[in-house]
Amino acid sequence: QDCKRLGDLCIVVLMAEKIPVVSLEKALASNSGYIDMLLGEAAAVLCVNRATGKRRAVSFRALFDNNNRFWLQGGAWEYYLPGDVLARLREREKAVGPAAAEPPAGAEGDLPPAEQKPANPGFGKEYEAIVSMTPAERVEHINEGRSLLDGLIAKKPRDREAVTGALVDTTRDAALINRAILLEAMQAGDEEAKKRTQALVSSTLDMVRSSAQLVSEDIFNDDLMNTLVMKSNGTVIQHMTRVFLNGIAFLLYYNNLVSSSSVINKIRIAFEKKYRKYYRALLPHLHADDITVERVFHKGMRAIHAQELSGWATGFLIHDIGKAGAVEYHEGEAAYNRDIVIDHVKVGYTAVMNKTNYPREAGLITGYHHEYYGDPAGYGYFRAYLERYKKMRPDSLQESCISYEMEPMLDYQSLAYFPAKVLEIIDVYDSVTDPNRKYRKALSAREALDMLREEFIEKHFKIDVILYDLFADFVLRGVAKKQEGGV
C-alpha cells in the first residue's frame with residue numbers, strides 16, 4: 001500500500017513524488033459548487049484503478065462530459081482531487097464570499113425554477129430518470145413506448161392529441177436512452193459495446209417503424225409541432241425530436257410526390273433553365289448537355305423503399321448524439337469554435353459505426369450530414385476520404401451528385417448520400433425556426449426558407465437545390481393548411 005490516510009486527505013506516491021489528494025466524492029459532497037469551478041479551469045483528477053493500482057491524470061471536464069456523476073458510479077476506478085487543486089478551489093470559495101458558498105442541505109429544491117441549474121443542460125429533466133435506470137429498464141421503456149404507438153395504430157378513429165403526445169414522448173425518450181447507453185458503450189471495446197447495445201438497436205428500430213406508420217397519416221399535423229415545443233424539455237432534445245418526426249413526414253411526402261404525380265417530369269422539363277447551372281460546378285468534367293436529372297440523382301429520382309425509410313429515420317433520430325460532450329457550447333452564446341462543431345459529427349459517427357449494430361445507413365447519416373457538397377464551411381468524414389481517394393487515383397471522376405444507395409458514394413462515384421442531403425436541409429431549417437434557441441430570434445417558415453435559398457444555395461451551394469424546392473413545397477403546404485384551418 002502506498003496510500004496513508006490523513007483525515008479526509010491521503011498521500012499517494014505518483015511519479016516518485018508524494019502528492020496530497022482528497023477523495024473527489026468527499027470534496028464535491030462538501031461543496032457541489034466546486035463542479036462549476038473545475039469545469040471552468042483545465043483541472044485534472046487522479047484516477048486509480050481499484051484492481052491494478054494503475055493511475056491516470058484525466059481532465060475533469062472530459063470525465064464529466066461523458067458522465068456527469070462519474071465519481072458516484074463505483075466501478076473499476078477511484079477518483080481523487082490533487083491537493084493543490086483543492087487548495088485553489090478553497091481560495092476561490094473564500095474570495096467570492098458566502099454568497100457563492102454551498103447552500104444548506106435541501107435548499108436547492110426550494111429555489112425558484114429559473115434559478116436551478118439543470119444537471120444535463122440541453123437534455124431536460126427526463127434524462128435524470130433515464131440515467132438512474134438499468135440498461136434493461138431503458139430498453140423496456142422504449143418497448144413500452146412502441147407498444148403505445150402500436151395500440152394507437154390499431155385504434156380507429158384516433159385521438160389526435162393522444163397520437164401527438166405519444167409520438168413526442170416516445171421519440172424524446174428513445175433519443176435520451178440512446179444517448180445514455182451509447183455514452184456507456186463508448187467505454188467498452190467495439191465487440192463488447194455491440195453486445196451491450198444490441199437490444200437497444202432492435203427496440204429503437206421497432207419504435208421508428210411504428211412512428212412512421214402514425215406520422216404517415218398526419219403529415220401536416222400542426223398539433224404535432226405544437227406538442228413538440230410544449231412537451232420536449234431541453235433545446236438539444238427538442239431539436240432531435242423535431243428533426244426525426246419532420247424528417248419522416250418529409251420523406252413520406254416526397255414518396256407521395258414521386259409515386260403518384262408527374263413531379264419528376266416537371267423537374268426534367270424545368271431542369272435546363274432552373275437547375276443545371278447549380279450542378280455544373282460539381283460535375284465540371286461533363287458537357288452541359290450531359291448534366292441531367294439522371295446524372296444528378298444516380299440512376300434517376302425514385303421513391304424510397306420502406307426498409308430504407310426506417311434506416312434513414314433512425315439516422316435522423318440519433319444524428320446529433322455526438323453533441324453530448326459540448327452541449328453548453330452548442331446551445332449557448334460562446335464564440336464560434338469550429339473544432340467543437342466538427343467534433344460532434346466525429347463522436348456521433350464513431351459511436352454509431354463502431355459501438356452498435358445500427359444499420360450502416362444511420363451511421364453514415366450521422367457522420368455526413370454537414371458535408372455541404374464540399375463547401376469550405378462544411379465538414380465530415382466523406383470529404384477527407386474523397387480527397388485521399390483523388391490523390392491515389394487522380395484520374396477518377398464522379399459521375400453523379402446524389403445516390404440513394406450507399407455503394408456509389410462509398411465507391412466515389414457520387415458526391416453525396418440522399419438521406420444526408422435531406423437531413424442537411426431539415427437540420428438547418430429546424431435550427432433557425434426553433435423558438436427555444438438562446439442566441440437568435442426564431443424565423444418564421446417563410447423567412448427560414450428565404451434564408452436557406454439565399455445563404456445555402458445562391459451565395460454558397462451547400463444544400464441540394466432540387467431537394468430544397470420539394471422541402472419548401474412541403475413546408476408551405478403545411479403553412480397553407482394551418483391558415484385554412486384558422487389556427
Side-chain angles (χ1 to χ4, degrees), residues 247 250-313 315 360-361 364-365 368-369 371-375 378 380 382-383 385-387 389-390 393-426 452-453 456-458 460-474:
F250 173 68
L251 290 179
L252 292 167
Y253 173 80
Y254 168 89
N255 259 7
N256 288 336
L257 281 182
V258 300
S259 300
S260 60
S261 75
S262 58
V263 65
I264 297 177
N265 275 336
K266 290 179 181 177
I267 291 173
R268 285 196 189 98
I269 292 169
F271 187 85
E272 181 178 355
K273 292 183 178 179
K274 192 174 182 180
Y275 297 118
R276 181 175 286 157
K277 62 181 180 180
Y278 296 104
Y279 296 106
R280 288 196 68 180
L282 299 178
L283 302 171
H285 55 286
L286 296 179
H287 188 279
D289 292 342
D290 291 331
I291 301 177
T292 62
V293 173
E294 283 66 31
R295 281 287 195 179
V296 172
F297 292 85
H298 185 71
K299 297 183 180 179
M301 296 180 72
R302 65 164 175 82
I304 303 159
H305 306 310
Q307 187 173 357
E308 285 178 322
L309 194 148
S310 178
W312 296 354
R360 197 177 185 188
E361 296 95 319
L364 294 179
I365 291 167
Y368 292 6
H369 72 281
E371 290 284 350
Y372 293 150
Y373 273 144
D375 185 89
F382 181 68
R383 63 178 59 206
Y385 296 155
L386 179 60
E387 190 62 31
Y389 180 79
K390 286 181 175 180
R393 301 182 60 178
D395 295 334
S396 64
L397 298 171
Q398 281 62 57
E399 298 301 320
S400 62
C401 295
I402 301 176
S403 172
Y404 292 88
E405 294 81 24
M406 294 181 291
E407 288 73 17
M409 182 192 64
L410 297 176
D411 290 341
Y412 307 105
Q413 298 175 37
S414 292
L415 292 170
Y417 189 32
F418 179 90
K421 295 307 290 180
V422 168
L423 180 57
E424 283 179 348
I425 298 170
I426 296 174
L452 277 169
R453 176 170 283 281
F456 287 75
I457 294 176
E458 301 300 341
H460 306 279
F461 191 30
K462 299 178 183 179
I463 60 175
D464 189 77
V465 62
I466 292 177
L467 293 179
Y468 164 84
D469 278 350
L470 297 178
F471 179 74
D473 288 343
F474 166 73

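Nothing here was measured: the structure is a model prediction, and the numbers come from that model.
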Item to check | side-chain contact (heavy atoms from CB on, under 4.5 Å) between Phe471 and Val422, intermediate numbers included | outcome: CA-CA 9 Å; Phe471 179 74; Val422 168; over 6 Å; no
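- Here the two rings, on Tyr417 and Tyr368, have centers that are 6.0 Å apart or farther.
- Proximity of a side-chain donor or acceptor of Gln413 to a complementary backbone N or O of Ser400 within less than 3.5 Å is not detected.
- Remark: Glu458 engages Tyr278, Arg453 in a side chain to side chain donor-acceptor pair (under 3.5 Å) (not counting sequence neighbours).
- Residues meeting the side chain to side chain contact (heavy atoms under 4.5 Å, CB included) test with Ala270, sequence neighbours left out: Lys274.
- When all heavy atoms of Gly378 and Tyr372 are compared, the pair lying nearest together is CA-CD1, 3.5 Å.
- The aromatic rings of Tyr412 and Tyr389 lie parallel to each other, their planes meeting at an angle below 30°, with 60° marking the opposite boundary.
- For the side chain to side chain donor-acceptor pair (under 3.5 Å) test, no residue two or more places apart in sequence or in another chain qualifies with Asp395.
- Residues satisfying the side chain to side chain contact (heavy atoms under 4.5 Å, CB included) criterion with Thr292, sequence neighbours excluded, are Glu294, Arg295.
- A salt bridge (charged side-chain N to carboxylate O under 4.0 Å, His left out) check over residues 401-417, counting only residues at least two apart or in different chains, returns the pairs Arg302-Glu405.
- Rounding to the nearest 0.5 Å gives a distance of 9.0 Å between CG of Leu252 and CZ of Phe474.
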Next on the checklist: Run the side-chain contact (heavy atoms from CB on, under 4.5 Å) test on Phe250 and Leu423 for me, step by step, so that the C-alpha distance in whole Å, both residues' side-chain angles and the decisive distance to 0.1 Å come before the verdict.
Outcome noted: CA-CA 10 Å; Phe250 173 68; Leu423 180 57; over 6 Å; no
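- Residues Ala281 and Pro284 come closest through the heavy atom pair O-CD, 3.6 Å.
- Between the side chain of Asn255 and the backbone N or O of Ile304, at least one donor-acceptor pair lies under 3.5 Å.
- Taking 4.5 Å as the limit, some side-chain heavy atom of Arg360 sits within range of a side-chain heavy atom of Leu410.
- Every ring pair (Phe, Tyr, Trp, His ring centres under 6.0 Å) that Phe418 has, sequence neighbours left out, goes to Tyr254, Trp312, Tyr404.
- Residues Asp375 and Arg383 come closest through the heavy atom pair O-NH1, 3.0 Å.
- In this structure, Ile463 CD1 and Glu424 CD are separated by 8.0 Å, a value rounded to the nearest 0.5 Å.
- With sequence neighbours left out, the side chain to side chain contact (heavy atoms under 4.5 Å, CB included) criterion links Lys299 to no other residue.
- A search for side chain to side chain contact (heavy atoms under 4.5 Å, CB included) contacts involving Lys390 returns Leu386, Ser396, Gln398, not counting sequence neighbours.
- Note that CZ of Phe456 and NZ of Lys462 are 4.5 Å apart. Values are rounded to the nearest 0.5 Å.
- With rounding to the nearest 0.5 Å, the separation of CG in Asp290 from CZ in Arg276 is 8.5 Å.
- Aromatic ring centroids of Tyr279 and Phe461 lie under 6.0 Å apart.
- Not counting sequence neighbours, Glu272 has no partner by the side chain to side chain donor-acceptor pair (under 3.5 Å) test.
- Qualifying salt bridge (charged side-chain N to carboxylate O under 4.0 Å, His left out) partners for Lys266, counting only residues two or more places apart in sequence or in other chains: none.
- Taken to the nearest 0.5 Å, the CG atom of Leu470 stands 8.5 Å off from the CD1 atom of Ile425.
- Under the side chain to side chain donor-acceptor pair (under 3.5 Å) criterion, Tyr468 pairs with no residue, sequence neighbours left out.
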Next on the checklist: Tyr275 vs Val296, test: side-chain contact (heavy atoms from CB on, under 4.5 Å). Steps then yes/no.
Outcome noted: CA-CA 10 Å; Tyr275 297 118; Val296 172; over 6 Å; no
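- The heavy-atom pair separating Pro419 from Ile365 by the smallest distance is CB-CD1, 3.6 Å.
- Side-chain atoms of His287 come within 3.5 Å of backbone atoms of Asp289 as a donor-acceptor pair (strictly under, hydrogens ignored).
- When every heavy atom of Val263 is checked against every heavy atom of Leu257, the shortest pair comes out as CG1-O, 3.3 Å.
- To the nearest 0.5 angstrom, Met406 atom CE is 6.5 Å from Leu364 atom CG.
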